[in-house]
Structures are given as C-alpha cells and as structure tokens.
Number of protein chains: 2
Amino acid sequence: MFEVTRTLYDCLVQCASEYREGVPPKEFTSVWAREPRGQREQGLSRDQIVRAAMEILDAEGLEALSMRKLGARLGAGATSLYWHVATKDELLELAMDQAWGEIQLDPEKSWRETASDYSYGLRGTMLHHLWLGSLLGGMPSIGPQALRASATLLNAFQRGGFEGMEIDFAVNSVISYTLGATLPEIAWRTMVFRSGSTEEEQVEAMTPIIEAATAHTPELRERHREYMSGSYDPAVARNLAFDYGLVALLDGLAARLLQPDRPGSRTAQSSAVTPAESTAAQPT
Amino acid sequence: MFEVTRTLYDCLVQCASEYREGVPPKEFTSVWAREPRGQREQGLSRDQIVRAAMEILDAEGLEALSMRKLGARLGAGATSLYWHVATKDELLELAMDQAWGEIQLDPEKSWRETASDYSYGLRGTMLHHLWLGSLLGGMPSIGPQALRASATLLNAFQRGGFEGMEIDFAVNSVISYTLGATLPEIAWRTMVFRSGSTEEEQVEAMTPIIEAATAHTPELRERHREYMSGSYDPAVARNLAFDYGLVALLDGLAARLLQPDRPGSRTAQSSAVTPAESTAAQPT
DNA sequence: GAGTGACCTCGAACACTGTACGAGACCCCC
DNA sequence: GGGGGTCTCGTACAGTGTTCGAGGTCACTC
C-alpha cells in the first residue's frame, strides 16, 4: 500500500505544477469569508433570494437557474440581486448550506446511530435536491450548517471511543461512503428528470444501450439481465444496496474500535489488501 | 432501518411527481446510443477532438472549455466540431470514459486486491482530471471503459465468494466509498487550482474563515487547530484517511463473506444501527 | 471528362448567459 | 433642506452552445 500511496502523492505534487497554463489567478473567495450586506428590512433579502433560488433549482434543475429568471420570479431586475449576493457561485454556496441544514441530528445518540442518521439524512437531502450532485464536486462545503452536522457526527465518534486522527478518519469514511453512494443515484435521477419520462420508461429506453455497451463484457450483460428479470423495484434495490454498504462500513469501524493495540493509532497496522488481524476475517 | 428506508422511498416517489414544472422534455440521448459518424480519414477525428478537449480540461479546468476555444486549438472553426460530436455534453461523456480507461486492473488478482487497485486507480484518475468531480454527479458513467473496469471488479467479487445481489451491493459500496472520498479532495484542489496559489497559501488564507465558521462549534475548532499544529503534510494525511476508510470497508465486506448463514442473502439480517451479529463488534 | 452524392468545414446569426457600471430612487438623520 | 447610506435596475459587454445553410473536397460511376 505504501507504494501506491507514494505514487499518489507524487501525482498530487506533480499536478500542482503541471496545471494552470494560461488561467488568470482568481483570488479565493467564499460567502462565509464576507459578512452579509443588508441592514434595512425592506425589499429583497438574502434569505428570500436563496429560498427562491432553491425553488427553481428543485423544480427545474441546476442549469435552469439564471439570474434573470431568479430576478423575474422575485419581481425584481436581474442585477438587483447583486446587491445582496456577490456572484452566482456565492448564491449556490448559500443554497448548498441551506440544504445541509436539513440534516437533523440528535447529539445524545450513540456513534453508530448518529452515523446512520447522518448518512440517511445526507442521502435524503441529496435526493431531494438533485442539483447538489453537480455542486458537491466543485465547491467545498464549508458553510455553518455543513460544519454543524459534521461537528455533531464528530462528537459522537469521539464519545464513542475513537481517538486522535482516527476520529477524523472514521467520520470522513462515513461521509465519503454516503456521498459516493448517492452520487450515481443523482446522476441517474437527473437523467430521468431531464428526459421528462418516468423511471420505467427510461429503463426501457436504456436497455438497448446497455445491451450494446455490454457486448464485450458478457458477465455484466448477464448480471444486468438477471437484475431486470427479477422485476425489482429499482428504488427499493438502491436502498438495499445503500444500507448494505453502510452496514459493512460501520461494522468495519466497530471492529477497529475493539482492536486491543491502539496507542495513538497513527500508523495503520493493516493495509487495504491485507485484512486487519483482529477482525472477524480471521476467526480466532 | 426499515422505517427510514420507507421514508426515503416515499421521498423518491414524491420527487418524481413534484419536479418538472415547466421544463421542456429532452429526449434521452447518449453518445453510446449512436454510433460515430465519420469514415473518411482526413481532417478532424473524434479521437483528436476528445484528446484536445482533455488537454484543455486538465490544464484550465471544466469551465474553461468552450467549443470555440477547442476549435481554435485544433486549427478549425468552432462549428466544425459539430460534425463529429452531437453536443458538448456528448463530448464530455467521451472525455469521461477516456479517463475511466486509465484504470488498469489485473483480472487474476483476488477480490480484495482488485478492490484496492480499482479504488486507488479511480482515485488517482479523478485527482489527475479534476473536472471529473463536477461531471460524475451530473451524468452517469455508462461508457465502455467505465463498464469494463466495473465488470472486472464484479468478476473478482464473484470469484471471491459473493453471491446474488450481494455481488452488486459489495461492488457498489467500494465504488461509492472511493467516489465519495475523492470528491471533497477534488473540490478542495479545484479551489486551490482556481486561486492560483499553492496549497499552503490557500490553507493560510482559509484559516480565518474556518475560525469564524467554527465560532459556535468549539469542538470542531479545537480539532482543526490540533490538525494544523501537527504540521502534517495535507496530502499524506488525506492518503492515510482514504486508506483507513477503505480498509474498514473491505474488512466489513470480508466479515460478511464469512457469515455462516447466507442463503441468498437477499434480506439484510443486520441494519445500519445494529451491528451485525457475527462480526467482531460483538465478541462471541 | 462530367456528374453525383457523401463527407466535411465554417461564417453568420440566435437566444442566451453572468456581471460591471452608473444613474437614479428611497429613506433616515442632522 | 441637504447629505449619505441603502437599494433597484436599464444598458451594455463579452462571452456561451448550437442551428442553418452555403460551400468545398473527395471517390466513385457513367
């Protein structure tokens, strides 16, 4: 594993110098760096704008949101918005954080329950706001609501017995899995959404493409056929798949928690390819 | 868990009807649905265009790619490209799949090794092509290269002893974790990239924002300070975090593989909040 | 050699986009 | 009444993806 890690690290360093050919440097900015402008209580407000933006985003998708359309919805000129919001990207940052705020956690629960709540909460929010999919990979979530949720999760893990860097690692893995598991669903649902048809129609429309694409990978084609013939409800199947991976991950974390030799657990005793010694993988 | 799942399912159904206010239906299309056009061997070619597009994407980022710029780079008019590629989205689909092709897997290895290779491979590719981050959440990866890699992974899991739907579930969880773990890194690196400064400068520029944002979550602030004072190399720390979660997940999957009662494993015996019976979480 | 039709290029134009700028309107306080 | 901050917005600019149709270049047939 160390070798692979080394390679990756080199890649990162190399990327840093390789990129940026003729791109003009754009100073780092974020809504959270600057405080909101308005004081007066009339006319437009930031909250109002963000709310309206989310309505458009939810109803028509990310690329349907334009400043002109948003202004029109609010009965205002497009450029009026720029008094309350510096750029469109900042507006999206605000909308993102608003969505993060929908995740509600109980700070009293166990680490495992909290992880589960967080995971299902994030997934639900993402599926409710499909536009989050394209945004999460482009701009970091550093808004107060996102941080609040992560802090609660982090606290639960700390109380649960994780220590040092392991807290961050474990928390990160839960967030990562949730994000990654939901993303392809979002991509799929976005496609269905844009097509204007139902999921069933879309599946039907996709079948010839899948058949053609899997012409040279018979095992995949086989699995797809089996999958289709089972007449599963796709939404239910996705939920099962999501839960399966989440359980596996949490089990793995729980196992780590019970390892006898965890000094600072700075150095990983096991690698990705060799199973950890004291898990159920090797019966005692 | 069933209750939560139920809620999610309802949400999905509800979304399907709630969305789509005034969006014009756009027939489903994909590059993979239509076969390429050109036959003659002169002038532009699809490969050439995709390659040039990826050069721009790598060097200047997703939003720097415009058809006019791409045309100019190839010494052609912008609209000439439309003979070889139906839309810009299709071009991006092609570029995405080209990136997927960079993942090389050995079909002889064990399921755990293959999972590790896949995971590190995907992560490396994503970090090499930052623009993938914004794309993976928007359009599904159903190109031949993406399918090829997934098929290899799937085969390895099947050989490794996974059965029925569990194969899909396990494979999905590995892909999901990798995707989700890399996405925030991409978001961060994209931000650094756009700012034009080094990672260290960016971290320094971010500090006051983090301090301000974590004003009401002292535990997070504490952790951030500890993290900063440790003077870790951020890239190394990220690699450790990535490996930690991957190991935990693979351990969890391995544990599932050894469970004695796995009939068709259609129904999950354990839920996200209650640890599975036969893992190390509950010592026998 | 003329003709035909497929392959390929591209300039002009259209309907958009995000946003800078500056003129003006409103309101409160001196 | 007169500032001065708060807020709106029409105009304009430089760009975007994409359509359309006119033209050019081949390989082939008669």
Side-chain angles (χ1 to χ4, degrees), chain A residues 22-24 26-27 29 31 34-50 52-53 56-57 60-95 131 134-135 138-139 194, chain B residues 22-24 26-27 29 31 34-50 52-53 56-57 60-95 131 134-135 138-139 194:
Chain A
V23 194
K26 207 171 70 180
E27 272 294 318
T29 56
V31 220
R34 157 183 38 263
E35 47 200 294
R37 233 169 160 182
Q39 256 103 327
R40 230 188 278 176
E41 309 227 347
Q42 60 169 29
L44 292 172
S45 76
R46 223 183 211 197
D47 283 350
Q48 202 185 146
I49 293 175
V50 173
I56 296 182
L57 287 168
E60 306 182 44
L62 179 57
E63 48 216 44
L65 179 70
S66 80
M67 298 303 268
R68 279 173 245 263
K69 186 185 278 187
L70 179 56
R73 187 186 192 96
L74 289 164
T79 55
S80 305
L81 307 172
Y82 282 89
W83 175 261
H84 306 272
V85 158
T87 75
K88 188 189 182 183
D89 277 355
E90 282 205 3
L91 173 60
L92 291 175
E93 272 191 280
L94 290 168
W131 41 276
S134 311
L135 255 42
M139 39 180 56
R194 272 200 276 221
Chain B
V23 194
K26 210 172 70 181
E27 272 293 319
T29 56
V31 219
R34 159 183 37 264
E35 46 201 294
R37 231 169 161 186
Q39 256 104 329
R40 230 189 275 177
E41 308 227 349
Q42 60 170 29
L44 293 172
S45 77
R46 224 184 210 195
D47 284 350
Q48 204 185 145
I49 293 174
V50 173
I56 296 182
L57 287 168
E60 306 182 45
L62 179 59
E63 47 216 47
L65 179 70
S66 80
M67 298 305 266
R68 280 174 245 261
K69 186 186 276 187
L70 179 56
R73 188 186 189 96
L74 290 164
T79 53
S80 304
L81 307 172
Y82 282 89
W83 176 261
H84 307 273
V85 159
T87 77
K88 189 188 182 184
D89 277 354
E90 281 205 5
L91 173 60
L92 291 175
E93 271 191 281
L94 290 168
W131 41 276
S134 311
L135 255 41
M139 39 181 56
R194 273 200 276 220

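The chains referred to below are lettered A, B, ... by the order of the sequence lines, with proteins before strands, and numbering in each begins at 1.
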Are any non-hydrogen side-chain atoms of A:Leu81 and A:Leu74 less than 4.5 angstrom apart?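 They are in contact (side-chain heavy atoms under 4.5 Å apart), so the answer is yes.
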Do the non-hydrogen side-chain atoms of B:Leu92 and B:Leu65 ever get within less than 4.5 Å of each other?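 Yes, their side chains come closer than 4.5 Å.
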How many Å lie between [atom1] on [X] and [atom2] on [N], as a whole number?
X	N	atom1	atom2	value
A:Glu63	C:dT17	CD	C1'	13 Å
B:Ile56	D:dG17	CD1	C1'	15 Å
A:Trp83	C:dG24	CH2	P	18 Å
B:Leu74	C:dC8	CG	P	15 Å
B:Leu81	D:dT16	CG	P	13 Å
B:Leu44	C:dC10	CG	P	8 Å
B:Lys69	D:dT18	NZ	P	17 Å
B:Arg46	C:dT9	CZ	P	14 Å

Between atom CD of A:Gln48 and atom NE2 of A:His84, what is the distance when rounded to the nearest 0.5 Å?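 Answer rounded to 0.5 Å: 8.5 Å.
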From B:Ile49 atom CD1 to B:Leu44 atom CG, the distance as rounded to the nearest 0.5 Å: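 If we round to the nearest 0.5 Å, B:Ile49:CD1 and B:Leu44:CG are 5.0 Å apart.
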Using atom types as modelled and distance alone, determine if a side-chain donor or acceptor of A:Lys88 lies under 3.5 Å from a backbone N or O of A:Met67.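 No.
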Which of the following nucleotides, C:dT17, C:dC7, D:dC7, is nearest to the side chain of A:Lys88?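 Nucleotide nearest to A:Lys88's side chain: C:dT17.
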Is there a donor and acceptor pair closer than 3.5 Å between the side chain of B:Arg68 and the base of D:dG15?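 Such a pair does not exist between side chain and base.
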Mind checking [X] for me? I need base, sugar-phosphate or nothing, with any heavy atom below 4.0 Å counting as a touch.
X	result
A:Ala78	nothing
A:Thr79	base
B:Leu65	sugar-phosphate

Can you check whether A:His84 has a side-chain N or O nearer than 4.0 Å to OP1 or OP2 of D:dT6?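 False: A:His84 side-chain N/O out of range (4.0 Å or more) of D:dT6 OP1/OP2.
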N or O in side chain of A:Ser80 less than 4.0 angstrom from D:dC7 OP1/OP2: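 For D:dC7, neither OP1 nor OP2 has a side-chain N or O of A:Ser80 closer than 4.0 Å.
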